[in-house]
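Quick notes on the structure that follows.
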Amino acid sequence: MGAVIKIIEFKKLANWKEEEMFRPNMFFLLLLPPIIFESGYSLHKGNFFQNIGSITLFAVFGTAISAFVVGGGIYFLGQADVISKLNMTDSFAFGSLISAVDPVATIAIFNALHVDPVLNMLVFGESILNDAVSIVLTNTAEGLTRKNVSDVSGWQTFLQALGYFLKMFFGSAALGTLTGLISALVLKHIDLRKTPSLEFGMMIIFAYLPYGLAEGISLSGIMAILFSGIVMSHYTHHNLSPVTQILMQQTLRTVAFLCETCVFAFLGLSIFSFPHKFEISFVIWCIVLVLFGRAVNIFPLSYLLNFFRDHKITPKMMFIMWFSGLRGAIPYALSLHLDLEPMEKRQLIGTTTIIIVLFTILLLGGSTMPLIRLMDIEDAKARRKNKKDVNLSKTEKMGNTVESEHLSELTEEEYEAHYVRRQDLKGFLWLDAKYLNPFFTRRLTQEDLHHGRIQMKTLTNKWYEEVRQGPSGSEDDEQELL
């Protein structure tokens, strides 16, 4: 699309210069929040919370390690006059933004080939938290840039950065969690199930509320909206009527898909439309550092986690996790958001980011399927039973995650029998099943279940009437439907 528009502009048939300008504020206010919230809302929380320790270690400490490796490497190579010089804060900012992974192609291939579900969840769960962590790290570097840190020692600068990061991470996560819990209590005690439109409107307000609150008090809106999505999916979702549950899921998937498509469309436009500064040595060394930083992240942390995990991370799984470190839309948008001077430095960072994104998506993403088949890491029995097409849609991949966890369809007695009395629940899962879930979610009575079935049956009958009255309807079709 970018090439076509460039040709049209070159022939002076039209001019879209104003429309092509990708404003970072538009990305962070309009395009990114639906993507992040939908990731948290559609998360398969059973697998996620079972691997929460490993996912958090990879997403938080692993991303920080990768950012330090890439940022430190760029800084010292610049000091050695191997590549263009960047100061310490600019190097760390670039290392942070380029550490945001988006393995959508890899996850789609995982589903098609039926790889180990633990590997699938480790890669997918890391990518969800990793986006928010990378944004917080980049904001931390930008905050240090705006401050005068030239008269402060390196150790004090590190402590300032660590304190800022911890405040942003835990403060934003706490705000998002609190907002999600409040939404669960509101929709538990205020029954709006007979008015799905109002119920849906309340959900949309609560979905965007933590982002605005966090940004207003100088916290990370992205981190807040991610944790709000996870909490609202786990509790608030089960206080909704069946119609609103379906409407919320489908709307979020559609909006997130459109937002991702828009970002990648702008990425394509920027390749041909924006001024670039290309430096071959800078690009090559950045790619090497990105791959090395990913390796320093994955392999040591995996060996460390294996001391505490029952389901071990095998060397093949480690290699696939390293190989799945694709870069996507978020690094590109963050590179535009950096306020670097002079302009040549900003163009250099932007051009290098675009090249790394295309390199990882086209080369690494395109090589994933033959690599998995070569390493024989997929489940052979599942492959013989059911072959799936590869669908490069993150929202399609998460299509059935929430539907598999409809606790709201259980009555009080059924919930007690299915969850609370289970002996295999430990730690947070036991606490959640015993106390948190009953407190924040509504247990349905038989009357509530009957009303929900009537509501769904009414919608089904309405659809059936419209189909029957349509131009293509016939008596044969009617008998087939019946």
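In this structure, I205 has no side-chain contact (heavy atoms from CB on, under 4.5 Å) partners at least two apart in sequence or on a different chain. For V231, the side-chain contact (heavy atoms from CB on, under 4.5 Å) partners at least two apart in sequence or on another chain are T177, L181, Y235. For F92, the ring-ring contact (aromatic ring centres under 6.0 Å, His included) partners at least two apart in sequence or on another chain are F68. With sequence neighbours excluded, the residues satisfying side-chain contact (heavy atoms from CB on, under 4.5 Å) with E215 are Y211. The ring-ring contact (aromatic ring centres under 6.0 Å, His included) search around Y435 returns W430, not counting sequence neighbours. L209 meets the side-chain contact (heavy atoms from CB on, under 4.5 Å) test with T179, F206, L213; sequence neighbours excluded. Shown here are the ring-ring contact (aromatic ring centres under 6.0 Å, His included) partners of Y75, two or more places apart in sequence or in another chain: there are none.
When side chains are defined from C-beta on, L326 does not count as touching V101, because their heavy atoms never get closer than 4.5 Å. In this structure, the side chains of F169 and S220 stay at 4.5 Å or more apart for every pair of heavy atoms. No side-chain heavy atom of V255 sits less than 4.5 Å from a side-chain heavy atom of E38. No side-chain heavy atom of D90 sits less than 4.5 Å from a side-chain heavy atom of I349.
One N or O on the side chain of S324 and one on the backbone of M321 form a donor-acceptor pair closer than 3.5 Å.
The closest side-chain donor-acceptor pair between S66 and N297, if any, does not fall under 3.5 angstrom. Counted by atom type alone, N437 and T441 present one or more donor-acceptor pairs between their side chains at under 3.5 Å.
The environment of F278 atom CZ is dense: over 12 non-hydrogen atoms of other residues, nucleotides or ligands sit within 6.0 angstrom.
Among residues at least two apart or in separate chains, salt bridge (Lys or Arg N to Asp or Glu O under 4.0 Å) pairs with a member in residues 284-303 are E126-R294. Within the structure, salt bridge (Lys or Arg N to Asp or Glu O under 4.0 Å) pairs that include any residue of residues 301-313 do not occur (at least two apart or interchain).
Separating the CD atom in Q347 from the OG1 atom in T352 is a distance of 11.0 Å, to the nearest 0.5 Å.
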Under 3.5 Å, which donor-acceptor pairs link side chains of residues 354-361 to any protein atom two or more places apart or in another chain?
{"residue": "T360", "atom": "OG1", "partner": "R327", "partner atom": "N", "Å": "3.1"}
{"residue": "T360", "atom": "OG1", "partner": "I356", "partner atom": "O", "Å": "3.0"}
{"residue": "T360", "atom": "OG1", "partner": "V357", "partner atom": "O", "Å": "3.0"}

Please list every donor-acceptor pair under 3.5 Å in which a side-chain atom of residues 261-268 meets a protein atom from a residue at least two apart or in another chain.
{"residue": "T261", "atom": "OG1", "partner": "F257", "partner atom": "O", "Å": "2.8"}

Indicate every side-chain donor-acceptor pair of residues 279-293 with a distance under 3.5 Å to a residue at least two apart or in another chain.
{"residue": "E279", "atom": "OE1", "partner": "S84", "partner atom": "OG", "Å": "2.3"}
{"residue": "E279", "atom": "OE2", "partner": "S84", "partner atom": "N", "Å": "3.2"}
{"residue": "E279", "atom": "OE2", "partner": "S84", "partner atom": "OG", "Å": "3.2"}
{"residue": "E279", "atom": "OE2", "partner": "S281", "partner atom": "OG", "Å": "3.3"}

Derivation of the ring-ring contact (aromatic ring centres under 6.0 Å, His included) call for H234 and F440: CA-CA 10 Å; H234 194 56; F440 288 106; 10.0 Å; no

